[in-house]
There are 2 protein chains.
Amino acid sequence: MKEPQAVFSDYLAKSNLKMTPQRRLILDVFLRDDGHLASEDLYNMVKREDKSIGQATVYRTLKLLSESGLAKEVHFGDGVTRYERKYGSKHHDHIICEQCGKTLEVMDEEIEHLQEKLAESHGFVLTGHKMYLYGLCADCRKA
Amino acid sequence: MKEPQAVFSDYLAKSNLKMTPQRRLILDVFLRDDGHLASEDLYNMVKREDKSIGQATVYRTLKLLSESGLAKEVHFGDGVTRYERKYGSKHHDHIICEQCGKTLEVMDEEIEHLQEKLAESHGFVLTGHKMYLYGLCADCRKA
DNA sequence: TTCTGTGCAAATGATTTGCAGCCAG
DNA sequence: CTGGCTGCAAATCATTTGCACAGAA
């Protein structure tokens with residue numbers, strides 16, 4: 001798999017943006033951590049290695065990391081946006097039309113994340129899951 | 001099932017809080033709506049029937065409705081907290097320990113809600129679902 | 001050189017809180 | 001009566017934005 005740094009560089013180039021020491025540092029520090037970091041957490045960590053960095057830069061860079069696919073926004077319920085590392089996953093679940101049997105592959109990062117939290121709250125460490133959604137597709141509802 | 005108004009009264013009494021015309025009105029207007037209301041939305045709706053109501057009161061009352069079990073907080077990704085009606089549902093899913101086979105019944109309102117959103121985003125109307133979480137329970141991880 | 005990036009501080013937007021008077025129990 | 005409410009405005013908190021200068025490409 002391509003290096004995260006390369007992914008980021010590519011994304012920046014593709015978007016006519018520039019690689020800077022600040023962005024490089026923020027990415028490195030971000031990658032070092034597992035779990036979910038609030039922008040401010042990351043800001044504090046980064047500041048240890050570069051006193052001059054600005055809080056706004058961390059906010060701006062996290063948004064870029066999200067867009068580049070390297071980070072994923074996570075929203076708990078406090079007003080704080082957190083970010084976690086995102087890997088090139090190909091996992092998906094299914095939604096099935098009860099009428100015509102049509103099946104779609106679907107995937108929702110937030111559900112995945114909440115499943116983990118749910119398991120956690122019951123003392124489990126989640127290793128996998130199956131989820132099937134049943135419903136009526138647009139076509140069958142028209143008919 | 002007990003009337004929502006009664007549920008709220010009971011909750012207030014139990015918590016040494018008082019029923020007031022404002023709270024009654026906010027609850028009534030809230031119950032009238034399906035979907036997810038931001039505090040400000042509800043504030044605007046309520047204000048039509050009581051010009052003198054304060055925004056803070058709506059915030060405070062929505063929190064109480066949440067605590068009383070009548071409303072459920074919903075967090076999308078914009079910085080706004082929304083609320084939806086909550087019903088006494090008995091539906092649940094399962095989490096299974098891959099090691100010892102122990103099974104727990106679990107339930108997460110937010111997952112349920114997101115499943116609906118996910119189905120919706122694919123043009124489906126959700127009629128049901130099955131979800132199985134697999135993991136390791138606390139005991140088996142210790143062993 | 002030419003934009004884009006950065007730090008800073010001010011601005012925003014949602015939600016909370018302090019306060020003085022009001023009112024349900 | 002009395003302690004919980006209410007509306008209002010000021011205060012918070014996370015995040016965004018304007019700006020002048022700095023530095024990648």
Side-chain angles (χ1 to χ4, degrees), chain A residues 5-6 8-30 36-68 71 73-83, chain B residues 5-6 8-30 36-68 71 73-83:
Chain A
Q5 287 81 359
F8 195 36
S9 295
D10 290 359
Y11 171 77
L12 292 176
K14 180 163 54 69
S15 312
N16 271 81
L17 302 175
K18 294 169 181 170
M19 179 54 94
T20 66
Q22 289 92 333
R23 287 176 179 171
R24 219 184 314 268
L25 174 59
I26 291 169
L27 171 58
D28 283 355
V29 174
F30 176 71
H36 349 78
L37 292 178
S39 181
E40 195 177 1
D41 300 335
L42 187 56
Y43 170 56
N44 289 323
M45 295 167 67
V46 168
K47 206 164 42 174
R48 274 186 231 124
E49 314 194 18
D50 178 353
K51 274 294 189 191
S52 74
I53 205 128
Q55 178 133 228
T57 300
V58 177
Y59 273 103
R60 291 187 274 230
T61 302
L62 274 173
K63 194 151 293 179
L64 292 176
L65 290 178
S66 242
E67 290 161 16
S68 74
E73 283 196 12
V74 178
H75 297 279
F76 297 156
D78 53 355
V80 190
T81 303
R82 286 156 213 287
Y83 293 83
Chain B
Q5 287 81 358
F8 195 36
S9 296
D10 290 359
Y11 171 76
L12 292 176
K14 182 162 54 67
S15 311
N16 270 80
L17 302 175
K18 293 170 182 170
M19 178 55 91
T20 66
Q22 290 91 334
R23 286 177 180 170
R24 220 184 313 268
L25 174 60
I26 291 169
L27 172 58
D28 282 355
V29 174
F30 175 70
H36 349 79
L37 292 178
S39 181
E40 196 177 359
D41 300 336
L42 187 56
Y43 171 56
N44 289 322
M45 297 168 66
V46 167
K47 206 165 41 175
R48 275 186 230 124
E49 314 195 17
D50 178 355
K51 275 295 188 189
S52 74
I53 204 126
Q55 178 133 230
T57 301
V58 177
Y59 273 103
R60 291 187 273 230
T61 303
L62 275 173
K63 194 152 294 178
L64 292 176
L65 289 178
S66 242
E67 290 162 15
S68 74
E73 283 195 12
V74 178
H75 297 279
F76 298 154
D78 54 354
V80 189
T81 304
R82 286 157 213 286
Y83 293 83

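Fair warning: this is a prediction, and the values are worked out from it, not measured in the lab. Residue numbers start from 1 in every chain, and the chains themselves are labelled A, B, ... in the order their sequence lines are given, proteins ahead of strands.
A/M19 places a side-chain heavy atom less than 4.5 Å from the side chain of A/F8.
In terms of phosphate contacts, B/R23 brings no side-chain nitrogen or oxygen within less than 4.0 Å of OP1 or OP2 of C/dA24. At least one side-chain nitrogen or oxygen of A/T81 sits closer than 4.0 Å to the OP1 or OP2 atom of D/dT15. For B/Y59 and C/dT16, the shortest distance from a side-chain N or O to OP1 or OP2 is not below 4.0 Å. The side chain of A/K63 contributes an N or O atom lying less than 4.0 Å from OP1 or OP2 of D/dT16.
Summarising the geometry, the separation between CG on A/L25 and C1' on C/dG5 is reported as 15 Å, rounded to the nearest angstrom. In this structure, B/D41 atom CG and C/dT15 atom P are separated by 10 Å, rounded to whole Å. Distance, B/E40 CD to C/dT15 C1': 11 Å, rounded to whole Å. Following rounding to the nearest Å, A/Y43 (OH) and D/dT16 (P) show an atom-to-atom distance of 16 Å. Put simply, CG on B/L42 is 12 Å from P on C/dT15, counting in whole angstrom units. We find that CG of A/N16 is positioned 12 Å from P of C/dC3, with the value rounded to whole Å. In this structure, CZ of B/R82 is placed 11 Å from C1' of C/dA14, rounded to the nearest angstrom. Rounded to an integer number of Å, the gap from CG of A/L62 to C1' of D/dT16 is 14 Å.
Within the structure, salt bridge (charged side-chain N to carboxylate O under 4.0 Å, His left out) contacts touching residues 42-59 of chain B (residues at least two apart or in different chains) are B/R32-B/E49.
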| query | What string of B, S and - do you get for nucleotides 19-25 of chain D, 5' to 3', if B is base contact, S is sugar-phosphate-only contact and - is no contact with any protein heavy atom under 4.0 Å? | reply | ----BBS
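By the side-chain hydrogen bond (donor to acceptor under 3.5 Å, both in side chains) test, A/E40 is found to be paired with no residue, residues two or more places apart in sequence or in another chain being considered. Remark: A/Y59 pairs with A/S39, A/Q55 by the side chain to side chain contact (heavy atoms under 4.5 Å, CB included) rule, at least two apart or across chains. By the side chain to side chain contact (heavy atoms under 4.5 Å, CB included) test, A/D41 is found to be paired with A/L37, A/A38, A/R82, residues two or more places apart in sequence or in another chain being considered. Residues satisfying the salt bridge (charged side-chain N to carboxylate O under 4.0 Å, His left out) test with A/D28, not counting sequence neighbours, are none. For B/T81, the side chain to side chain contact (heavy atoms under 4.5 Å, CB included) test picks out B/E73, B/H75, B/Y83, with sequence neighbours left out. Annotation: side chain to side chain contact (heavy atoms under 4.5 Å, CB included) contacts of A/Q22 (sequence neighbours excluded): A/T20, A/I53, A/T57.
Without hydrogens or angle criteria, A/S66 side chain to A/K63 main chain gives no donor-acceptor distance under 3.5 Å.
Contacts between residues 46-54 of chain B and DNA chain C, counted as heavy-atom distances below 4.0 Å, involve no residue at all.
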